[in-house]
Amino acid sequence: MKTKLLATIGVIAVAAAALTGCSAGTAAKTEASCTNKIVNKTAPQVTVWAWYPAFEEVVDLFNKTHEDVQVCWTNAGQGNDEYTKFSTAIESKSGAPDVVMLESEVLSSFTIRKALVDLTEFGANDVKANYTEGSWKDASSGDSVYAIPVDGGPMGMLYRKDLFDKYSIPVPTTWAEFETAAQTLKTAGSDGVLVNFPTNGRAFNQALFAQAGSVPFVYDSTSPTDVGIAVNDQGSKDVLNYWNGLVQKGLVTTDDAFTADYNTSLVDGTYAVYLAAAWGPGYLQGLSDADADAVWRVAPLPQWDAANPVQVNWGGSTFAVTSQATDKKLAAEVAIGIFGTDEAWKIGVEKGALFPSYTPMLDSDYFTNLEYPFFGGQQINKEVFLNAAAGYTGATFSPFQNYAYDQLTEELYSMVQGEQDGSKALDDLQASLVKYATEQGFTVAK
């Protein structure tokens with residue numbers, strides 16, 4: 001009965017991921033046919049699903065330098081598109097790749113379905129020292145390690161220096177100064193605003209709560225039907241009421257993130273600030289129709305208490321070995337090794353705009369001193385993101401994280417429409433998540 005319950009919970013937990021993706025199709029092995037060149041055709045192949053930018057070059061490098069194994073890579077879709085296909089393969093008990101790229105926040109949604117392999121028996125802890133503390137915690141549960149970290153999203157503040165100079169705005173170091181900057185911009189009659197607060201920010205919004213001490217979930221894969229839920233803590237309420245205050249004063253916009261209009265506003269001067277993860281600079285540079293006069297710089301994320309800074313993370317991805325892997329030991333070798341060299345990481349950094357969780361690259365002079373022409377030659381890693389990455393200690397996600405984010409989005413939308421304040425939004429979110437978890441068979445502790 002318990003096995004049946006867990007299967008049902010897992011289906012529902014991951015089904016939420018499909019709501020914004022394509023409809024599930026057949027995840028046959030033929031879908032994982034290689035899009036890359038196999039160098040040694042006599043060596044066993046490990047199938048990999050991943051959507052990293054410039055990943056084919058990383059795969060080619062791996063295959064050229066390994067005689068005992070070859071990577072057969074395909075892009076099975078990005079984010080929820082891939083997760084939908086993986087979920088279908090889990091249900092049909094066939095069609096999954098040997099290794100799959102997963103964002104840290106969805107790992108628990110798949111471990112509860114026993115879809116991922118615990119990598120401790122394949123030497124994962126032997127390479128633990130090669131990864132940041134936060135990224136390793138994100139990929140682990142209790143004593144188990146379910147994935148190898150790849151990239152992360154320590155946060156900083158990208159800002160339009162030209163607009164700050166025009167309106168004599170000092171770069172804010174605290175959220176109080178941030179509000180003052182927003183008011184200065186409005187008072188000066190600017191056509192734009194300081195920043196956008198997206199109600200569909202999901203992990204972005206949760207990162208803002210985490211900076212005030214939020215620990216929304218407690219979950220351990222060894223007790224898969226037990227979950228702690230505490231999304232309405234006082235720190236989160238303080239953060240949300242702060243942002244709601246900016247919204248109600250007309251100091252920020254509430255546009256949905258990552259739409260065409262949002263992207264235009266990022267580059268045409270509508271927003272003077274982009275609160276971003278370390279992958280944000282690459283995202284920003286890739287947008288078209290940018291303001292030719294824009295001068296961008298990067299600064300640390302504002303703090304609630306400048307004397308006691310708290311670093312947070314937005315996003316991060318991993319490589320996990322699936323329970324359908326033909327040779328789990330060999331698949332683990334690929335998951336550990338494909339981004340396990342400086343050479344591979346130089347491709348990821350320079351051509352994929354990734355921010356590594358791999359400490360040999362993070363600690364290298366090359367990465368530390370790297371200058372970014374888009375930011376006027378600023379060494380943004382040394383000045384901002386390396387410190388942010390070092391300060392991030394990890395998070396715990398629920399086994400129904402996508403559902404939780406969807407509910408958060410609904411509550412935030414209601415808040416910015418003036419229907420409730422931040423405190424009530426989070427109280428309602430707490431009640432809805434407890435109800436949902438209980439209905440799915442979880443034992444809930446707050």
Side-chain angles (χ1 to χ4, degrees), residues 6-22 24 27 48-52 75-91 96-97 99-119 134-142 144-153 200-207 210 216-221 224 227 229 231 258 277 279 313-324 335 357 394-409 433 436-437 440 442:
L6 286 176
T8 303
I9 292 170
V11 171
I12 295 171
V14 179
L19 295 178
T20 56
C22 298
V48 176
W49 285 0
W51 69 81
Y52 294 111
N75 185 336
Q78 182 169 337
N80 286 337
D81 289 348
E82 183 205 73
Y83 304 156
T84 299
K85 293 174 183 177
F86 185 34
S87 183
T88 300
I90 295 167
E91 290 308 300
V99 174
V100 61
M101 173 186 176
L102 296 174
E103 292 165 294
S104 302
E105 63 193 32
V106 301
L107 286 171
S108 294
S109 299
F110 290 108
T111 60
I112 196 172
R113 303 173 71 183
K114 302 188 183 304
L116 306 179
V117 173
D118 182 353
L119 298 176
S135 68
W136 197 260
K137 180 180 178 181
D138 288 351
S140 307
S141 183
S144 298
V145 179
Y146 288 105
I148 300 299
V150 179
D151 72 317
N200 70 337
R202 297 165 70 87
F204 165 78
N205 300 120
Q206 188 56 60
F217 301 105
V218 176
Y219 183 73
D220 189 326
S221 62
V227 63
I229 304 175
V231 296
F258 305 117
W279 44 261
N313 188 81
W314 173 11
S317 65
T318 68
F319 273 130
V321 174
T322 77
S323 56
Q324 293 182 25
S357 298
T396 298
F397 302 98
S398 80
F400 43 83
Q401 193 63 46
N402 274 291
Y403 179 83
Y405 281 153
D406 288 343
Q407 296 305 298
L408 174 61
T409 297
L433 293 183
Y436 174 82
Q440 306 314 318
F442 289 95

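- Checked by atom type and distance alone, the side chain of D118 pairs as donor or acceptor with a backbone atom of V145 at under 3.5 Å.
- The shortest non-hydrogen separation linking Q401 to E105 is CB-O, 3.5 Å.
- Judged by distance alone, the side chain of Q324 and the main-chain N or O of A89 form a donor-acceptor pair under 3.5 Å.
- Listed for the D138 side chain is a donor-acceptor partner under 3.5 Å among the backbone atoms of A395.
- The closest side-chain heavy-atom distance from V48 to F319 is below 4.5 Å.
- Side chain of K85 to main chain of G77: no donor-acceptor pair is present (N/O by atom type, distance under 3.5 Å, no hydrogens or angles).
- Without hydrogens or angle criteria, S87 side chain to T84 main chain gives no donor-acceptor distance under 3.5 Å.
- Using a 30° and 60° split on the angle between ring planes, F86 and W49 fall in the perpendicular class, above 60°.
- With values rounded to the nearest 0.5 angstrom, E103 atom CD is found 8.5 Å from N402 atom CG.
- A437 approaches I229 most closely through the heavy-atom pair CB-CD1, 4.0 Å.
- Of all the heavy atoms in A139 and A147, the pair that sits closest is CB-O, 3.4 Å.
- For F400 and Y219, the ring centers sit 6.0 Å or farther from each other.
- For the atom pair F217 CZ and Q206 CD, the distance stands at 7.0 Å (nearest 0.5 Å).
- Between the side chain of S108 and the backbone N or O of S398, no donor-acceptor pair lies under 3.5 Å.
- Looking at every heavy atom in both residues, L107 comes nearest to L116 through CD2-CD1, 3.8 Å.
- R202 is listed as a side-chain neighbour of D406, based on a closest heavy-atom distance under 4.5 Å.
- Of the possible donor and acceptor atoms, one in the side chain of T322 sits under 3.5 Å from a partner among the backbone N and O of P97.
- The minimum heavy-atom distance linking G152 with S357 is given by the pair N-OG, 3.6 Å.
- The CD1 atom of I148 sits 4.5 Å away from the CH2 atom of W136 when rounded to the nearest 0.5 Å.
- Remark: side-chain polar atoms of N313 are paired, donor with acceptor, to backbone N or O of G315 under 3.5 angstrom.
- Between the side chains of S317 and Y52, at least one donor-acceptor pair of N or O atoms lies under 3.5 Å.
- In this structure, OH in Y83 is found 7.0 Å from CZ in F110, a value given to the nearest 0.5 Å.
- Between P399 and F442 there is a side-chain heavy-atom pair separated by less than 4.5 Å.
- The heavy-atom pair separating M101 from E82 by the smallest distance is O-OE1, 2.7 Å.
- At a threshold of 4.5 Å between non-hydrogen side-chain atoms, the residues K114 and I90 do not count as touching.
- Scanning for ring-ring contact (aromatic ring centres under 6.0 Å, His included) contacts around Y405 gives an empty result, with sequence neighbours left out.
- Counting only distance, with no hydrogens or angles, the side chain of S141 and the backbone of S221 share a donor-acceptor pair below 3.5 Å.
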